[in-house]
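Everything below concerns the one structure shown next.
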Amino acid sequence: MELRKDPITRSWVIVGDEFSQLLPPPQAAECRFCPAAKNPPQTISTIQALDGHPWAARAAVHPSPIYRIEGEPARRGDGIYDRMRSVGAHEVLLENSRHDRHLWAASDQEIERFLLLVAQRIQDLKRDPRFKYVSVFKNFGGPAGQEFSHPNTQLTATTFVPRRVLYELRAARDYFKTKERCVFCDILAQETAAKLRMIEVRNGFVALCPYAPRAPYETWIIPEAHDAAFERFALSRSGSLRDLGALLRRTLERIRTITPDFHLVLHSAPNPLHRSESLGYWNTLDEDYHWHIEILPIVSARAKSYTFKEVYYSPVSSETAAKRLRDARVG
Ligand SMILES: [Zn+2]
Ligand SMILES: [Zn+2]
Ligand SMILES: [Zn+2]
């Protein structure tokens, strides 16, 4: 596998002939991630449990990684094109030691321990000067491309900033340039006042449906306190991770009253070791970018086409979606 850059959109694409990736993963007889597994993948780090369980959360090497940790990216030209080796990290972040303990069924303390693992893994990988960005994402349900049944989120560290984040970084910078304000703080202020698209506010965190959703019931979780980097926020104000965990659990519970399948992604600042003049989004990044979580539910068999469409289409308005999610009964 290698990375190729589309010279028009400037997006990096993973390209290669690896036909095994097109097949569904073989169903193992036993879960490789449960504490008693005989053939567990290599553990990277563990968060101890406070309640007598073998562990609270754990990072493991992905059994069939998209990116390889060894070597240099060796970026090079190919005529007018750019290519580089698919160097990076690919980890499975186990949310709980118990096989059936998904985020919406876990205790707030358990989710807090998991979020601490996420913050620690991002901080650790950002020490590696090869990596420009650390992505944290969760695919749940068959239509979302879920790979393992054990409760898990995945992480990749890459030598490039993924396209969607790059768009956000550039847009946040441009908004700041004209208004000298963070666009996310402005969204929070307007949505909090209007209430129409708000789902829940909880101790410094807000769950809302964005004004122009890419998919029905798209939901964002945004901290009220401005910070560009999730891990800096999480590790300096660890007390608030339990509140974030509680809102995450309740929001997923709400979404699961509509559909079980969803994508979740954490958007946060890139690696400051790559503060580059030519990229241009670094000058005001700490002021103009604001970390957040995006949840994209998958509501029907047609859902997949949403992502491939040139124009996003949501047959449920954000106002209706927010009302239904607000009214959902959660524990
Ligand atoms: Zn398991
Ligand atoms: Zn902000
Ligand atoms: Zn985002």
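Values below: all heavy atoms of this structure, side chains included; hydrogens, waters and symmetry mates excluded. As the structure lists them, so they are numbered: ligands from 1, and atoms in each ligand from 1. One is the number of the first residue; the rest follow in order along the sequence.
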Problem set entry | Enclosure of Gln190 CD (heavy-atom neighbours >12, cutoff 6.0 Å) | no
For this session: Considering just N/O/S atoms, say which atom of His150 is closest to the Zn ion (ligand 1).
Result: ND1
Exercise. If you look at His226, which of its N/O/S atoms is nearest to the Zn ion (ligand 2)?
Worked result: ND1
For this session: Flag the pair Arg232 and Asp286 as a salt bridge only when some basic side-chain nitrogen lies within less than 4.0 angstrom of an acidic carboxylate oxygen.
Result: yes
Problem set entry | His102 versus Glu95, side-chain donor and acceptor atoms under 3.5 Å | no
For this session: Find the distance between CG (Asp288) and CG (Leu169) and round it off to the nearest 0.5 Å.
Result: 7.5 Å
Problem set entry | Test: Glu319 and Lys323 ion pair at under 4.0 Å | no
Problem set entry | the Zn ion (ligand 3) - closest N/O/S atom in Glu168 | OE2
Exercise. Do other residues, nucleotides or ligands put more than 12 heavy atoms under 6.0 Å from Arg164 CZ?
Worked result: yes
Seminar exercise, completed: In this structure, the Zn ion (ligand 1) sits at the vertex of an angle between ND1 of His99 and SG of Cys34 that rounds to 10° as 110°
Exercise. Any idea which N/O/S atom from His290 gets closest to the Zn ion (ligand 2)?
Worked result: ND1
Seminar exercise, completed: Restricting Glu294 to its N/O/S atoms, the closest one to the Zn ion (ligand 3) is OE2
Exercise. What's the atom name of the N, O or S in His267 nearest to the Zn ion (ligand 3)?
Worked result: ND1
Problem set entry | the Zn ion (ligand 3) - name of the N/O/S atom of His292 that sits closest to it | NE2
